[in-house]
Amino acid sequence: METKHPLPPFNTETAKQKVQLAEDAWNSKDPVKISMAYSIDTEWRNRNQFINGRQEVQEFLKDKWQNELEYKLKKELWAFLDNRIAVRFEYEYRNKDGQWFRAYGNENWEFDENGLMQKRYASINDLQIKETDRKL
């Protein structure tokens with residue numbers, strides 16, 4: 001059976017660890033590595049997209065980083081309880097035309113007993129920025 005430590009129920013320390021592990025993984029921009037933190041049948045809502053299962057997660061992330069270049073992410077623990085964690089995040093990227101963006105959002109995560117994320121609901125807003133306004 002696959003496990004991904006730390007396992008729920010979370011406390012402040014383990015919730016922060018889970019958030020940092022997610023930030024590090026996403027900044028690797030490796031869709032396969034990232035997908036291994038999710039259950040086989042994971043359910044996502046990402047903006048207006050619904051993504052189901054690791055294979056769809058990998059395809060989504062591969063497409064994401066073909067369009068969001070020089071991606072850099074920062075996550076922050078917002079709240080936690082038992083097997084759930086809420087985070088706020090921001091990330092910066094540029095598109096293929098060279099326009100920079102900063103995206104802000106919130107995610108709600110739910111984990112199974114093995115520490116794999118079974119649900120991820122993300123609400124995200126993008127703001128056009130100048131390259132000189134980057135902070136990440």
Side-chain angles (χ1 to χ4, degrees):
M1 184 59 90
E2 295 176 86
T3 58
K4 190 74 168 177
H5 291 272
L7 303 176
F10 299 112
N11 59 38
T12 301
E13 180 183 337
T14 59
K16 285 181 178 179
Q17 286 176 333
K18 207 67 155 173
V19 171
Q20 188 62 57
L21 288 166
E23 177 184 308
D24 294 345
W26 279 67
N27 279 324
S28 78
K29 298 182 279 299
D30 180 338
V32 174
K33 175 183 176 179
I34 295 164
S35 73
M36 298 310 292
Y38 299 92
S39 64
I40 293 288
D41 59 350
T42 191
E43 297 175 17
W44 285 21
R45 182 187 52 77
N46 195 85
R47 300 177 193 257
N48 63 347
Q49 291 180 279
F50 294 87
I51 300 157
N52 294 289
R54 278 189 190 158
Q55 187 62 44
E56 287 186 21
V57 165
Q58 290 174 16
E59 292 166 14
F60 167 81
L61 293 173
K62 182 180 173 189
D63 289 344
K64 175 182 181 68
W65 290 309
Q66 288 178 350
N67 297 301
E68 295 180 6
L69 309 173
E70 297 185 58
Y71 175 95
K72 177 74 174 162
L73 167 72
K74 181 66 184 151
K75 290 186 182 283
E76 177 185 7
L77 176 65
W78 188 259
F80 67 92
L81 180 66
D82 299 326
N83 69 332
R84 294 183 173 148
I85 296 176
V87 299
R88 66 153 297 280
F89 64 87
E90 62 183 330
Y91 63 88
E92 294 174 346
Y93 67 94
R94 69 171 175 81
N95 65 16
K96 291 178 181 178
D97 296 328
Q99 175 61 57
W100 282 92
F101 294 87
R102 184 174 302 120
Y104 297 96
N106 299 294
E107 292 177 337
N108 295 312
W109 301 342
E110 183 178 299
F111 295 86
D112 66 17
E113 64 278 358
N114 297 308
L116 297 169
M117 195 182 301
Q118 58 191 10
K119 295 185 181 184
R120 175 187 173 267
Y121 300 113
S123 298
I124 306 168
N125 298 300
D126 292 303
L127 173 68
Q128 277 191 351
I129 62 171
K130 297 176 186 171
E131 184 173 5
T132 56
D133 292 334
R134 293 178 60 211
K135 60 183 185 178
L136 295 181

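Every residue was checked against the side chain to side chain donor-acceptor pair (under 3.5 Å) condition with Glu43, not counting sequence neighbours, and none meets it. Residues that satisfy the side chain to side chain contact (heavy atoms under 4.5 Å, CB included) test with Phe101, not counting sequence neighbours, are Tyr93, Asn95, Gln99, Asp126, Gln128. Listed by chain and residue number, nothing satisfies the salt bridge (Lys or Arg N to Asp or Glu O under 4.0 Å) test with Lys62 (two or more places apart in sequence, or in another chain). Among residues two or more places apart in sequence or in another chain, the salt bridge (Lys or Arg N to Asp or Glu O under 4.0 Å) test is passed with Lys74 by Glu23. In this structure Tyr121 satisfies the side chain to side chain donor-acceptor pair (under 3.5 Å) test with no other residue, sequence neighbours excluded.
The CH2 atom of Trp78 lies 11.5 Å from the CG atom of Asn108; values are rounded to the nearest 0.5 Å. Rounded to the nearest 0.5 angstrom, Asn46 CG and Ser123 OG are separated by 9.5 Å. Residue Glu90 holds its CD atom at 10.5 Å from CG of Leu127, rounded to the nearest 0.5 Å.
Residue Trp100 is grouped with residue Tyr104 when hydrophobic side chains (ILVMFWY) are merged at heavy-atom distances under 4.5 angstrom, including chains of intermediate members. Note on Leu21 and Phe111: separate hydrophobic clusters, where clusters join Ile, Leu, Val, Met, Phe, Trp and Tyr whose side-chain heavy atoms are under 4.5 Å apart, directly or indirectly. Residues Ile124 and Leu61 are members of one and the same hydrophobic cluster, defined by side-chain heavy-atom contacts under 4.5 angstrom among Ile, Leu, Val, Met, Phe, Trp and Tyr. Placement of Leu77 and Met117 within a single hydrophobic cluster is found when ILVMFWY residues are connected by side-chain heavy-atom separations under 4.5 Å, directly or transitively. Leu116 and Val87 fall into different hydrophobic clusters, where Ile, Leu, Val, Met, Phe, Trp and Tyr side chains are chained together by heavy-atom contacts under 4.5 Å.
Looking at Gln58 and Ser35, their side chains do bring a donor and an acceptor atom within 3.5 Å of each other.
Applying the salt bridge (Lys or Arg N to Asp or Glu O under 4.0 Å) rule to pairs touching residues 106-119 yields Lys75-Glu107, Arg84-Glu110, Glu107-Arg120, sequence neighbours excluded.
The shortest distance between side-chain heavy atoms of Asn52 and Trp44 does not fall below 4.5 Å. Using a 4.5 Å cut-off on side-chain heavy atoms (C-beta onward), Val19 and Trp109 make contact. With contacts defined as side-chain heavy-atom distances shorter than 4.5 Å, the pair Leu69/Lys96 qualifies. Residues Trp26 and Lys64 form a side-chain contact, since some pair of their non-hydrogen atoms from C-beta on lies under 4.5 Å apart.
Applying the 6.0 Å contact sphere to NZ of Lys72 captures no more than 12 heavy atoms from other residues, nucleotides or ligands. Crowding of Gln49 atom CD: a count of heavy atoms from other residues, nucleotides or ligands under 6.0 Å exceeding 12.
Closest approach of Gly115 and Leu7 over heavy atoms only: N-CD2, 3.6 Å.
Although no hydrogens or angles enter the test, the distance criterion places a donor-acceptor pair under 3.5 Å between the side chain of Arg102 and the main chain of Asp133. At least one donor-acceptor pair closer than 3.5 Å links the side chain of Thr14 to the backbone N or O of Asn11. A donor-acceptor pair is defined here as one N or O able to donate and one able to accept, closer than 3.5 Å; such a pair exists between the side chain of Arg45 and the backbone of Ala122.
Aromatic ring centroids of Tyr71 and Trp65 lie under 6.0 Å apart.
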Does the pair Lys4 and Lys18 meet the rule for a side chain to side chain contact (heavy atoms under 4.5 Å, CB included), with working shown? CA-CA 9 Å; Lys4 190 74 168 177; Lys18 207 67 155 173; 4.0 Å; yes
Evaluation steps, side chain to side chain contact (heavy atoms under 4.5 Å, CB included), between Phe10 and Asp82: CA-CA 6 Å; Phe10 299 112; Asp82 299 326; over 6 Å; no
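Looking at Arg134 and Glu92, a side-chain N of the basic residue comes within less than 4.0 Å of a carboxylate O on the acidic one, giving a salt bridge.
The only option from Leu136, Asp24, Asn27 that meets the side-chain contact (heavy atoms from CB on, under 4.5 Å) definition with Leu73 turns out to be Asn27. When the options Glu68, Glu131, Glu70 are evaluated for a salt bridge (Lys or Arg N to Asp or Glu O under 4.0 Å) with Arg94, the one that passes is Glu70.
Tyr91 and Phe89 have parallel rings, their planes meeting at less than 30° on a 0 to 90° scale where 60° marks the start of perpendicular.
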